[in-house]
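For the numbers below, each heavy atom of this structure counts, side chains included, while hydrogens, waters and symmetry mates do not. Per chain, numbering begins at 1; letters A, B, ... match sequence-line order. Only a predicted model underlies this, so the values are computations on that prediction, with no experimental measurement involved.
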2 protein chains.
Amino acid sequence: MTGDTRQTIMDAARATVQARGYNALSFREIAKDVGIKSASIHYHFPTKGDLGAALAKRYTDDAMAYFDSLLDQDLDLETRFARYVAVFRAALANDNRMCLYGVMAAEYGDLPDHVRTEVDAFSAANVGWLVKALGPAHPDLDDTALRDRALAVFAAIEGAQLVARGRGDIGVFDTTIAAYRAAGFMP
Amino acid sequence: MTGDTRQTIMDAARATVQARGYNALSFREIAKDVGIKSASIHYHFPTKGDLGAALAKRYTDDAMAYFDSLLDQDLDLETRFARYVAVFRAALANDNRMCLYGVMAAEYGDLPDHVRTEVDAFSAANVGWLVKALGPAHPDLDDTALRDRALAVFAAIEGAQLVARGRGDIGVFDTTIAAYRAAGFMP
DNA sequence: ACCTGAACACCGTTCAAGT
DNA sequence: ACCTGAACACCGTTCAAGT
């Protein structure tokens, strides 16, 4: 079935990037996982950058499809936001992996341009979503202030994930999110 | 003078890691910068992990020496904290580089054990410092709550840096820190 | 004490060749 | 349409050899 190998390659690659980083991703290693030769991967993704960009794009699309479904459902603000945060927590719960975005943002300096574009798209999409999700709770903030708040909430969640991963302790993520909430910074 | 080459190697390596990541660091590239052969680097640092661990340790020592000097000086809380944040901002101002800690935390899954130990030490030292610096502003918080708050502030700053680097825009860092402050989350 | 060249098994990439 | 083996310039690491 056409496209199948392509998906299998991407699945193997995504797991490795989230666990060990984009630079640690090896075509020969993916090839072993998938059961083809490393040269064959170049048929599906001419360069490593093409694979990285496709990875980031699919990651954003999948995440946003789920996040948008949370907006469609009739949920109260706390529940909706908790489910959003749970997605970032799930990466850590899965063998101390990290959000694909966070890994790639840290490796930004070594990323080809078209991968950077996809990395930017993830953060922009998340900020856009947070503006919609948090808006009702902040009638006091104007558009700019609300957007800045959404950006800050996104950054804070990414930071919680980064520090928790650096400690190898998901409890650090939970404690940090709880402290954000206790300070009244997020719902 | 003994130790000189060792320092030169570390200087070149640190700049590369902060710009492009630990995995992007190449012994042959450092060798060219320093003016020796790549095999010679192994005389000073037997493995890449030894170099990474030494890098992280020196980074923590240097940062903490400066941070502790901020505690000794007679500064008000806002000024002291602003100088702390300025250190993380400076990395971005320097060619969109990132805090060595943030880069390494993101690449945690691919790090040898003794490098992880040094990465952990940086976050622990920063949280300890923040407990001292923020304590006077939070007489209401008990020891545990204050430590959680310090951890959250550290995570939030790292997150601001990560997202700003991912956008390639230092303005995102400034906006995010300003939003944290506007929300009353940090001084 | 410090450096080097040569070798090893790795890496992404290219390309002519297979089916 | 999809895969492969062989070659290229890279990588960290080892080691015998130089000064």
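- The salt bridge (Lys or Arg N to Asp or Glu O under 4.0 Å) pairs that include a residue from residues 76-87 of chain B number zero, where partners must be two or more places apart or lie in different chains.
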Q.
Each nucleotide in nucleotides 14-19 of chain D should get exactly one letter: B, S or -. Can you fill that in based on protein heavy atoms under 4.0 Å?
A. B-----
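- The side chain to side chain contact (heavy atoms under 4.5 Å, CB included) test applied to A:Ala145 returns A:Leu141, A:Asp142, not counting sequence neighbours.
- Pairing analysis of DNA chain C (Watson-Crick: purine N1 to pyrimidine N3 plus N6-O4 or O6-N4; G-U wobble: N1-O2 and O6-N3; both under 3.5 Å) yields stems of 3 or more pairs at C:4-8 with D:12-16, C:12-16 with D:4-8.
- DNA chain C lies under 4.0 Å from at least one heavy atom of each of the following residues of residues 9-26 of chain A: A:Leu25, A:Ser26.
- Within residues 103-118 of chain A, no residue places a heavy atom under 4.0 Å from DNA chain C.
- In terms of the ring-ring contact (aromatic ring centres under 6.0 Å, His included) criterion, residue partners of A:Phe154 (sequence neighbours excluded) are, by chain and number, A:Tyr101.
- Sorted by first then second residue, the side chain to side chain donor-acceptor pair (under 3.5 Å) pairs that include residues 164-186 of chain A, not counting sequence neighbours, are A:Arg89-A:Asp174, A:Arg167-B:Ser123.
- Sequence neighbours left out, the pairs with a member in residues 124-137 of chain B that pass side chain to side chain donor-acceptor pair (under 3.5 Å) are B:Tyr84-B:Asn126.
- Note on residues 42-58 of chain B: pairs passing salt bridge (Lys or Arg N to Asp or Glu O under 4.0 Å), not counting sequence neighbours, are B:Asp11-B:Arg58, B:Lys57-B:Asp61.
- A cation-pi arrangement is present between B:Arg116 and B:Tyr108, with the terminal nitrogen or guanidinium carbon under 6.0 Å from the aromatic centre and inside a 45° cone about the axis.
- In the set C:dA1, C:dC3, D:dG12, C:dC3 carries the atom at the smallest distance from any side-chain atom of B:His44.
- Under the side chain to side chain contact (heavy atoms under 4.5 Å, CB included) criterion, B:Ala13 pairs with B:Leu25, B:Ile30, B:Leu51, B:Leu55, sequence neighbours left out.
- Counting only residues at least two apart or on different chains, the side chain to side chain donor-acceptor pair (under 3.5 Å) pairs with a member in residues 21-36 of chain A are A:Arg20-A:Glu29, A:Asn23-A:Asp110.
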